[in-house]
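Both ligands and their constituent atoms are indexed starting at 1 by order of listing. Keep in mind that the numbers below use all heavy atoms, side chains included, and drop hydrogens, waters and symmetry copies. Just so it is clear, the model here is predicted, and its values are computed rather than measured.
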Amino acid sequence: MHLTREEERIYDGERGWANQTCIRILVRLGELFGAEKLIPIDSAHVSGVSYKTLGGAPIEFLRTLADAGAMVKVRTTLNPQSLDSHYLREKLQENLQKPQLDILRQFERMGLTQSLTCTPYYLHRTARDSHHAWAESSAVVYANSILGAWTNREGGPSALAAAIIGKTPNYGIHRAENRRPNVTVRVETKLRNETELGALGIFLGKTLGDKIPAIKGLPNTSKDDVKQLCAAIATTGMTNMFQLGSSTRTRENQKIGVDSDQIKQTIEELSIASTTKPDLVFLGCPHSSLSEMKRIAQLVEGKKVRAGTEFWVCTSCHIRRTAAAYAKKIEKTGGHVLDGVCTVVSWTEKLGIKTIMTNSAKTAYYAPTLNKAEALLAPLEDCLKAAFQG
Ligand code: F3S
């Protein structure tokens, strides 16, 4: 890889241990994947924030980096943690909270904003054709496919290293020639809601591996709904972007058709709970947008959450603040708007939750392993019917 004189100085340790460690991570990655050089990035998004999924071992590495003076050079956001700022903090034991707060503290020392969301694109605009180093797979697919930004799917450490150096190696999807679709997907059925879009994503992720599909047959899909496709396709596969639209040309001739039976079967495979009565109804994977908060608030206004059922809507602290009036309406029903956290990266099993109902195919996919819970997957309206009386 070609390094500039300044990058060589960093590599040789002249700018301190923290910078040297970070640039060495990036150069190693670049060499592995055939990058020619490092390129500047506009932003980074770091995953591996939840103590539940991260565990305790990496905390010392974060502390050592912060002690050595590591500081991010670009705007850097953080993925959700394992607690929200109110509800779960009261319910979960102290020994789970302390390490989580320690992780956040180390990130804060390095200049990362306490954004705590998997939808950083609701906080800051990303320019078309700008380069980034993001580590949340659902956001990576959304950024590349919907926003026209350019980012590989980073791991937590490489996103943090890129944030501290302000650069990333120019391999993979940072190169124009790697962004052209190489398979055509024709959706041969009308997808009626966000859950069916999520099911399409789960199916395509398994089928396509890391191919870039040109997806045809999804006219007039809203950005809120397409977010489910982005999250799900990255859950089961390594696809980092797709293109929507009937006129997209592909560089290979492979074609795949998806019909209503495949969508139905995918939903049935994810919806495996032995009961129709969930302990928790969860919306907000990926984190809810302002318009989703508004819609949920309108649909639940004046209702009451069923006794024995939890109703959670997850979003970022930023959207929660912006949507304060909607959050208030949702909480008036007995539900909870949880900011900075989500079900999958929190400790639901410690709250006795054994069945989770959700409109998110990604959450339904992970619930059995990460939450030790059975999942029910259904669109928003059906989730609300299960959560509310009458
Ligand atoms: Fe976000 Fe959690 Fe889903 S991090 S994409 S809400 S699993």
Does G284 reach ligand 1, in the sense of a heavy atom lying below 4.0 Å from it?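 Right, G284 reaches ligand 1.
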Is the distance between atom 1 (Fe) of ligand 1 and the nearest N/O/S atom of C314 smaller than 2.8 Å? no
Under 4.0 Å from a heavy atom of [X]: give me the atoms of ligand 1 that qualify, with their elements.
X    : value
P80  : 4 (S)
S138 : 5 (S)
E136 : 5 (S)
V344 : 7 (S)

Can you see whether Y11 has R24 sitting over its ring - NZ or CZ less than 6.0 Å from the centre and within 45° of the normal?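 Yes, a cation-pi geometry.
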Would you verify whether the NZ or CZ of R179 falls within 45 degrees of the ring axis of W150 while also being under 6.0 Å from that six-membered ring's centre? yes
Parallel, tilted or perpendicular for [X] and [Y], by the 30°/60° rule?
X    : Y    : result
Y87  : W312 : perpendicular
W17  : F61  : perpendicular
Y142 : Y122 : perpendicular

Please state whether the separation between atom 3 (Fe) of ligand 1 and some N/O/S atom of C285 is under 2.8 Å? yes
Before you tell me yes or no, could you show the steps for T239 and L204 under side-chain contact (heavy atoms from CB on, under 4.5 Å), namely the whole-Å CA-CA distance, both residues' side-chain angles and the distance that decides it to 0.1 Å? CA-CA 9 Å; T239 292; L204 290 180; over 6 Å; no
Considering heavy atoms of the protein only, find what lies nearest to atom 5 (S) of ligand 1 and give residue, atom and distance to 0.1 Å.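 That would be K362 NZ, 3.4 Å.
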To which protein heavy atom is atom 1 (Fe) of ligand 1 closest, and what is the distance rounded to 0.1 Å?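 The protein heavy atom lying closest is C118 SG, 2.3 Å.
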Would you say the ring centers of F282 and F311 fall short of 6.0 Å from each other?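 No, ring centres 6.0 Å or more apart.
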Specify side chain, backbone, both or neither for A231, according to which of its non-hydrogen atoms lie closer than 4.0 Å to ligand 1. neither
Taking the side chain as everything from C-beta on, heavy atoms only, tell me whether K354 gets closer than 4.5 Å to E374. no
Examine C342 and say whether one of its N/O/S atoms is closer to atom 2 (Fe) of ligand 1 than 2.8 Å. yes
